[in-house]
Amino acid sequence: MLSFKGGPIDGKVRVRFAPSPTGSLHVGGARTHLFNWLYARHCNGVLINRIEDTDQERSKPEFERMVMDDIKTLGLEADESTDKGGGYGPYRQSERLEAYQTLAYKLLEDRKAYRCFCTQEEMDQKAQAAKAAGKPPHYDGTCTNIPKEESQRRADAGEEFSIRMIAPQKDYTLKDFVRGNVTFKQGMVGDFILLRTNGIPVYNFAVVIDDYFMNVSHVIRAEEHMPNTLRQMMVFEGLGWEFPIWAHISLVLGNDRKKLSKRHGAASVKEYIEQGYLPEALVNFLALLGWSPVDNKEIRPLNEIVDLFVLEKLTKSPAIFDTDKLTWMNKEYIKAMNIKELSTRIKPFVKRAGLDPNIKDEEWFELALDSVRGHIAKLSDIGDYLDIYYSDRFAFADDAKEIIASEDGKRVASAFKAELEACDGEPTAEWLKETQKKLKSLTGAKGKGLFFPLRACVTGRLQGPELTLALPILGKEEALRRVDLAIRQ
RNA sequence: GUUCCCAUCGUCUAGCCCGGCCUAGGACAUCUCCCUUUCACGGAGAAAACAGGGGUUCGAAUCCCCUUGGGAACGCCA
């Protein structure tokens, strides 16, 4: 028997994010989780992750694993969860069935719910008919007034039934932390299912029981749940329990102003991470969707966000997920990151681009990485910039070829070759600076006319890191090989 | 269809609750200029919004009403 812990709120903030394991973590879900996490941290409270797997068709253990791992990569683990345990478990709804069933029968006993013998097919038909007639598809009340004895008899006889909650016909006012008072007029919802025919509870029922027994003080969730909240209020009331504090946060929308989903391309945390967005940048960006710090400073460490995060500052209106701004933020994080940290984090992306980060020593790699980091927006961009240092990848881009073929180009290239050959030891930044001056007077080329050919010869590109940085990293031998190649074109 | 929610630059937002300090602030993106004997980086600047209409008030982005627009939800999905 499941022990019923919890009870009335004892003053401590306990919040929860309750994903259903039907796919990997969505950025909208990540943002909801983040807001809960921030609030818990800010209040020195507790964050719970509960797995809502009552949809047996779509829920899969591997999805649960994915979601939990996504949360972990974001660095936002909960205090109590299926992974970590805690004093209010189990944290998977499929393991709490007994509680739901017990309470559903209590409601039945109290005449706040009834057995419904309508079949799935009948219900589908009714819903369609109601829709066709332009009426809200509410339950028509076929089984509402079946006498208690008859209901019992039919159940005993083995007839299949679900348990349906009687929706009290009166107005309900939801006191919402971000929206203020929201009144739902009576008749907005019909009698709704609590327990399915197979004994598994439905979301709106399970949530109430879990939130109560897990001692949840604040329910911070997406706005799309508002109509659900009405049903949940009815269940809380029917069970004689106090409401938690609800806070319905605005939705995250795609470019088309519709709720962000797979249709909008990348929509999951996993995809963004795989594209080379840093978890900390994504988290920082997500925090700014529907919330803003008092001092306007947008890029800031998580602990500062925790300090400033208050529910009062949440926005009511929905926010469009702007990838451009995320990308900018990611770039800033890449620029600011400690080079050793960046080095270890970016290596998988370097390998994925087909480049070996270990062809030379770590010091070389860091130098090379540092010279190009300012150009990349995502970790996955690294291949296109770092490859200039890899001789097997070397090739002249079309625009670079043109420059080299020009009059200035030819003159600069051969003059530079001579200088390089005469260079004593490895070329340094200072050597290059001197040499550039020399080349200027030697060839008459200046500005773009001087720098583009040099860059084109050495890197094969017209854009990239400072040559004074790149040349020493490349080394004399490789540089010479390339200049030679350029001249012979 | 019904109910609920929302409405400030293209986008994220500040201001709104407690009207005057708003000539509406910041950030992304865009454009311009500067720096640099090059691209980039960096710096400076520009353009860009109170959805519309009625009230209330000496005064409204801020309060009230209507219209319009957008969104969400109406399941034995969550």
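Order of the sequence lines fixes the chain letters, A, B, ..., with proteins taken first and strands second; residue numbering starts at 1 for each chain.
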Subject >> d(CE, A:M226; P, B:U3) in whole Å >> reply: 15 Å
Original post:
Is the shortest side-chain N/O distance from A:K325 to OP1 or OP2 of B:U30 below 4.0 Å?
Top reply: no
Subject >> Check: A:T173/A:N181 side-chain N/O donor and acceptor closer than 3.5 Å >> reply: no
**OP:** Let me know, please, whether A:V182 or A:L450 comes out on the 5' side of the other along RNA chain B by nearest nucleotide.
**Re:** A:V182
Original post:
In whole angstroms, how far is the P atom of B:A7 from the CG atom of A:L251?
Top reply: 14 Å
**OP:** Using whole Å, report how far CE of A:M234 lies from C1' of B:C74.
**Re:** 13 Å
Original post:
Using purine N1 to pyrimidine N3 plus N6-O4 or O6-N4 for Watson-Crick, or N1-O2 and O6-N3 for G-U wobble, each under 3.5 Å, what pairs with B:A44?
Top reply: B:U32
Original post:
Ring centres of A:H225 and A:Y203 under 6.0 Å apart?
Top reply: yes
**OP:** Just call it for A:C116: base, sugar-phosphate, or nothing, with non-hydrogen atoms closer than 4.0 Å on any strand.
**Re:** nothing
Subject >> Rounded distance (Å) that lies between atom C1' of B:G26 and atom CD1 of A:I299 >> reply: 13 Å
Original post:
Using a heavy-atom distance cut-off of less than 4.0 Å, which residues of residues 277-289 of chain A contact RNA chain B?
Top reply: A:L288, A:L289
Original post:
Is any N or O donor-acceptor pair between the side chain of A:D322 and the base of B:A29 shorter than 3.5 Å?
Top reply: no
Original post:
Cation-pi between A:R115 and A:F161: NZ/CZ under 6.0 Å from ring centre and within 45° of the ring axis?
Top reply: yes
**OP:** Using the aromatic ring of A:F451 (for Trp, its six-membered ring), decide whether it stacks on the base of B:U38 within the limits of 5.5 Å and 30°.
**Re:** yes
Subject >> Watson-Crick/G-U partner (both atom distances under 3.5 Å) of B:C17 >> reply: none
**OP:** Provide the Watson-Crick or G-U wobble partner of B:U68, both distances under 3.5 Å; none if there is no partner.
**Re:** B:A7
Subject >> Ring-ring centroid check A:W291 A:F309, cutoff 6.0 Å >> reply: yes
Original post:
Could a donor-acceptor pair under 3.5 angstrom be found where the side chain of A:R455 meets the base of B:C39?
Top reply: yes
Subject >> Between P of B:A73 and NZ of A:K258, the distance in whole Å >> reply: 12 Å
**OP:** Name the residue closer to the 5' end of RNA chain B, choosing between A:G447 and A:Y203 according to the nucleotide with the nearest heavy atom.
**Re:** A:G447
**OP:** Go ahead and name the base partner of B:G1; Watson-Crick or wobble counts if both distances stay under 3.5 Å, otherwise write none.
**Re:** B:C74
**OP:** Measure the distance from NE2 on A:H375 to P on B:A40 and round it to the nearest whole Å.
**Re:** 10 Å
Original post:
Below 6.0 angstrom between ring centroids: does that apply to A:F205 and A:F192?
Top reply: no
**OP:** Report the base-pairing partner of B:C39 (Watson-Crick or G-U wobble, both distances below 3.5 angstrom), or none.
**Re:** none
**OP:** Output yes when at least one side-chain N/O atom of A:R196 is less than 4.0 Å from OP1 or OP2 of B:C77, else no.
**Re:** yes
**OP:** Assess whether atom NZ of A:K175 is packed by more than 12 heavy atoms of other residues, nucleotides or ligands within 6.0 Å.
**Re:** no
Original post:
Is there a donor in the side chain of A:Y389 and an acceptor in the side chain of A:S371, or the other way round, less than 3.5 Å apart?
Top reply: yes
Original post:
Across all strands shown, which nucleotide pairs with B:G59 by Watson-Crick or G-U wobble geometry, both distances under 3.5 Å?
Top reply: none
Original post:
Once the angle between the rings of A:F416 and A:W431 is folded into 0 to 90°, is it parallel (under 30°), tilted (30 to 60°) or perpendicular (over 60°)?
Top reply: tilted
Subject >> Atom pair distance, as rounded to whole Å: CD in A:E57 and C1' in B:C77 >> reply: 10 Å
**OP:** Let me know the distance between NZ of A:K316 and P of B:A14, rounded to the nearest Å.
**Re:** 12 Å
